[in-house]
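Below is one structure, written out as structure tokens, with a few remarks after it.
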Protein chains: 2
Amino acid sequence: MAKLSLNYDRSRVPLYIQVASVMRQRIESGRWREGDKISTIEALETEFGVARVTIRQAIEILREEGLLDARQGRGTFVSGKPRERHWLNLANDFDAVVSSVKNNVIRIVHIEEEAQPPILGDNEGTLADAYALLRSVQYNGDEPFAMVNLYLARDLFLRERKRFTHLPALPRIVEMEDVTIRHCYQTVTIGVADPEISERLKIGLGEPTADCRLVLVDDHGVAIYAADFHYHRNCFALRRDLLDRAASGKPSSYRRKAS
Amino acid sequence: MAKLSLNYDRSRVPLYIQVASVMRQRIESGRWREGDKISTIEALETEFGVARVTIRQAIEILREEGLLDARQGRGTFVSGKPRERHWLNLANDFDAVVSSVKNNVIRIVHIEEEAQPPILGDNEGTLADAYALLRSVQYNGDEPFAMVNLYLARDLFLRERKRFTHLPALPRIVEMEDVTIRHCYQTVTIGVADPEISERLKIGLGEPTADCRLVLVDDHGVAIYAADFHYHRNCFALRRDLLDRAASGKPSSYRRKAS
DNA sequence: CTCAATTTGTTCGTATGTATG
DNA sequence: ACATACATACGAACAAATTGA
């Protein structure tokens, strides 16, 4: 492996933190299993191309996290696994989105009844006349795992102000008989925590998040609902079977179509 | 906004880099538009709760990236946007995956004909007898944007060793008449760059990546193909319309089902 | 039991980076 | 621009614990 010091310029993050990240990854991925003795400090020194102290600093970080246990004269051992990750599975169809949201424990932390409109992408419909902004945090027990900025068409918001300020908006919108949802655009990207997200999710500024945008477009082409879900990166996963067309009538297995 | 110094403990990343991340985000998101004069250093000092020099260091980073232009006596201006992001749209069905892979410019960088088997998830089928490991890098022009570790059932690999060592494997597997693909499991998570990825994608160690795992299971329940795609986070996006059931016969709009 | 090899723990000196006021 | 304090990183030497011959 090339010297890390060369890669160092690329990231500006302190070296020992970079090394710790990689080691944590090795434990998570199972490459280093619980109970294993990991390479000696000297070996890691060579592998990563950094000084002894730097390796020790990285080990110290993981020791504080309970992942490593270093014993003088014996070696360094894997003493635990990171908390289970990726327990949140992003819904893969509209019904699943609605029902997953329905059971969420949310806390509305900020409301603007007359907010700046959201910035819409190319194919995300046209803006409504006005929007309300509802900012909420979603909890799993005590742990915040997502922050949501929801731009809700103001006329819809005003119809049930009380309700929208306390409960998830999506199920209510679906219930409205005079609202037809034509499209539900979903975009998943990787973002970084701004001060607001950092504060709400208790993560570091600039740390990555899974950003999931959901835009509902009605039969007039208007984006009546535009929400940005910022998920804690550790809980986020999206799983699907690209060949599961049970609902679509397509064959559930694949053979070549033509020669 | 709370003092940044308070959040600092959470991330261990140098303060001025955190500040730079937030400023970059503001430019990307359009909150600071090109040509705009941004707040004075004094105002930023107050807003972020950090020292003057720290703000200046952050501005210097963005100046090197061509995003900001500081003029003595006038102020600091937004002078550009980050390179267009999220140009890569992850395929949403199996055919799209195959055809997107088909046109990829890849370079195989490492081969193990008898590799350790991959670690499979709960519902990703059973292991084949043996696997070959093919590591490749995908390019967009000169820019590497993804690194792939592909575990390919060894019997398949041996059938066309030459071909598999030069061209994307997936299209070839689909062509094989005696291979039936029953499932194509896809899992998207956020990972971090290990030394290998860091080196291949020219990004910093520990920086986030979009990790997309693809597992093909045949009609015997065997995982004949297990690939981990590690995408550069800036190019990655997943876009879909959760109500687009054109192919499925479901209604293409949504009204409530029952009272 | 002792010795040597191995491995982590500790300390020094030096240079540079980060952050404040 | 300066003075100050602390963090990061290197290399090297030595101390202490463990292991096995």
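Just so we're on the same page: letters track the sequence lines, and every chain starts at 1.
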For this session: Quickly work out the A:Gln72 CD to C:dT11 P distance and round it to whole Å.
Result: 12 Å

Exercise. Mapping B:Ala51 and A:Glu42 to their closest nucleotides on DNA chain C, which lands nearer the 5' end?
Worked result: A:Glu42

Exercise. Rounding to a whole Å, what distance do you find between A:Glu60:CD and C:dG9:P?
Worked result: 9 Å

Exercise. Got a sec: does the CZ of B:Arg56 have more than 12 other heavy atoms crowding it under 6.0 Å?
Worked result: no

For this session: Write down the distance between CD1 (A:Ile59) and P (C:dT7), rounded to a whole number of angstrom.
Result: 13 Å

Exercise. Crowded around A:His110 NE2? As in, over 12 foreign heavy atoms under 6.0 Å?
Worked result: yes

Exercise. OP1 or OP2 of C:dT8 less than 4.0 angstrom from a side-chain nitrogen or oxygen of A:Arg74, does that happen here?
Worked result: no

Problem set entry | Heavy atoms of other groups near B:Asn123 CG, more than 12 under 6.0 Å | no

Seminar exercise, completed: Mate of D:dA1 across any strand shown (Watson-Crick or G-U wobble, both atom pairs under 3.5 Å) is none

Problem set entry | Per B:Tyr16 side chain, nearest of listed nucleotides C:dT8, C:dT18, C:dT11 | C:dT18

For this session: Output the single nucleotide from C:dG9, D:dC10, D:dT8 whose closest atom is nearest the side chain of A:Val53.
Result: D:dC10

Exercise. Is the side chain of B:Arg52 donor-acceptor paired with the backbone N or O of B:Glu45 at a distance under 3.5 Å, no angle test?
Worked result: no

For this session: Write down the distance between CZ (B:Arg56) and C1' (C:dT20), rounded to a whole number of angstrom.
Result: 15 Å

Exercise. Distance check: side-chain N/O of A:Thr54 vs OP1/OP2 of D:dC10, anything under 4.0 Å?
Worked result: yes

For this session: Let me know the distance between CZ of A:Arg12 and P of C:dT18, rounded to the nearest Å.
Result: 8 Å

For this session: Looking only at side-chain atoms of B:Leu15, point me to the closest of D:dT8, C:dT20, C:dT8.
Result: C:dT20

